[in-house]
2 protein chains.
Amino acid sequence: MTTSDALAAPRRRQARADSTRLALLDAAVQEFAAHGFDGASTRAIAARAATHQPQINYHFESKEALWRAAVDHLFSKLDALLGEVMPQGPDDRPVASREVFAATIRAFVRAVARLPELNRIMVQEATADSPRLAWIVERHTRPRFALLTGAWRTLRETGSVPGIDETVLYYSMVGAASLAYVNAAEARLLGVDPISDAFVEAHGEALVTMILGPD
Amino acid sequence: MTTSDALAAPRRRQARADSTRLALLDAAVQEFAAHGFDGASTRAIAARAATHQPQINYHFESKEALWRAAVDHLFSKLDALLGEVMPQGPDDRPVASREVFAATIRAFVRAVARLPELNRIMVQEATADSPRLAWIVERHTRPRFALLTGAWRTLRETGSVPGIDETVLYYSMVGAASLAYVNAAEARLLGVDPISDAFVEAHGEALVTMILGPD
DNA sequence: GAGCTTCTTTATCGATCGATCGAATTCGTC
DNA sequence: GACGAATTCGATCGATCGATAAAGAAGCTC
């Protein structure tokens, strides 16, 4: 009895499948970010990926499974952009010196500026209760929320930063960092170019000053 | 020749029409804020308003006209909540003392906390280019953008506030003020109650400190 | 209360939605 | 190069979308 006898016949995944799958993921990110889950159509996603609509149900089980895969895809890009700017100590407590937090703010602003689709999807989903919101909160939001609020609490205990509640700080910081890029289409109509390096860098410095104070 | 001869026959508007119209407006605000323009269905709006779907096309010309009326409806509520916190001088230059700006920030936070639907709709529309975005920017966003950035510029010239670019400040302030309420469903899953008076007041004070500095 | 207008309701149109099926095609392996 | 699995493609299902038409009910004027 060989190993292949006891197992199901091995699937031979082909390269073209991975290519189609990735194209669908990137297209789904764009469409979901632009029109929301309900507003995005599987046909528009397939067309943007230069393939046909039934491919979605072949490579993913449903529109919702495609959405989840696209969100995972986006968050992995975020982690790659953020890198290791907020290291954790050996006891899982975040290392939160003032300098580390400032670097985190700058890196966060640069990351959300380059991944506007992520916060667009977050805001579209966080707006109303849904199974998708519960999924994304437990899988992605809560660990990051815990990390940032924990870092702020330990930093606040040193007394060198404003005494702002950590949940207030979380939403103020994330909102202040992301809106210009979430609303990039609006900003351009107002004469602002939020994607420019000048804006992003000024934005990062402004947030460091606002959050950590003028020390 | 009487006056009625030359004019079209006067329409006799009935009270029940105004009632239906208002119910549709309130329902549309909720549905558009929760699901976006594409995701909101006219049948769901009509059901929430306890009426029938064709009433939308009777009282408004189309789904899009209903959306515009709902947005106007929301912004008039915002103006009512904001009141006269940022008065303008006789030459149309905003009166922007530090105290006036601080009061504006506090009033703004309270207002967006009580009107989360407005920023939800704004964020859903500002995400992608569309005729609706152009309409809302010219009609509602641009004048408010000009007022706030103008006030910040004059205030910054006095030198007593951080030297932050006015467009950076606009998106940082609006984003920091609104995200907790836009994402209220998410916040509740994270154990935060952004609607509570305690949160809103702490949030307002935190933003005043962050934006105007610790003077 | 007769007669006309305003408003509401029911029924239905063509278009598009997500999903599924089966045939056609391509790929990897022997 | 032949066989079988993996993938792509064309067609179509029932459901739902926004919008419209026409009938019915209610309100106002004289």
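Note: hydrogens, waters and symmetry copies are ignored here, and every other heavy atom, side chains too, is used. Labels below follow one simple rule: chain letters A, B, ... track the order of the sequence lines, proteins then strands, and each chain is numbered from 1.
- With ring centers used as reference points, A/W67 lies 6.0 Å or more from A/F60.
- In this structure, B/R142 contributes its side chain and A/L189 its backbone to a donor-acceptor pair below 3.5 Å.
- Regarding B/F60, its CZ atom lies at a distance of 12 Å from the P atom of C/dC7, rounded to whole Å.
- The separation between A/Q55 atom CD and D/dG10 atom P is 11 Å, rounded to whole Å.
- By the neighbour-count criterion of 12 heavy atoms within 6.0 Å, atom CZ of B/R153 is sparsely surrounded, having that number or fewer from other residues, nucleotides or ligands.
- Note: CG (B/D18) to C1' (D/dG27) measures 14 Å, nearest angstrom.
- Residue B/H59 places at least one side-chain N or O closer than 4.0 Å to OP1 or OP2 of C/dT8.
- Between A/T51 and D/dT8 there is no side-chain polar atom (N or O) within less than 4.0 angstrom of OP1 or OP2.
- Contact between the side-chain N/O atoms of A/T20 and the OP1/OP2 oxygens of D/dT8 is found at a separation under 4.0 Å.
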Task: Heavy-atom protein contacts under 4.0 Å, nucleotides 19-24 of chain D, coded B base, S sugar-phosphate only, - none - done: BB----

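- For B/H52 and C/dT10, the shortest distance from a side-chain N or O to OP1 or OP2 is below 4.0 Å.
- Rounded to whole Å, atom P of D/dC17 lies 14 Å from atom CZ of B/F37.
- Remark: nothing in residues 120-132 of chain A comes within less than 4.0 Å of DNA chain C through any heavy atom.
- Closest non-hydrogen pair, B/I105 versus B/G204, comes out as CG2-O, 4.2 Å.
- Backbone-only contact: B/A40 has heavy atoms under 4.0 Å from sugar-phosphate atoms and none from a base.
- One interatomic measurement links the two molecules: CG of B/L66 to P of D/dC17, which rounds to 15 Å at whole-angstrom precision.
- When rounded to the nearest whole Å, the span between NE2 of B/H35 and C1' of D/dG18 equals 17 Å.
- B/K63 and B/D38 are not joined by a salt bridge, as no carboxylate oxygen comes within less than 4.0 angstrom of a charged side-chain nitrogen.
- B/E186 and A/Y171 share a side-chain donor-acceptor pair at under 3.5 Å.
- Between the side chains of A/Y181 and A/H203, at least one donor N or O lies within less than 3.5 Å of an accepting N or O.
- No donor-acceptor pair under 3.5 Å is formed between the side chain of A/N119 and the backbone N or O of A/M122.
- Residues meeting the side chain to side chain contact (heavy atoms under 4.5 Å, CB included) test with A/R114, sequence neighbours left out: A/L81.
- Among the heavy atoms of the strands, none lies under 4.0 Å from A/A46.
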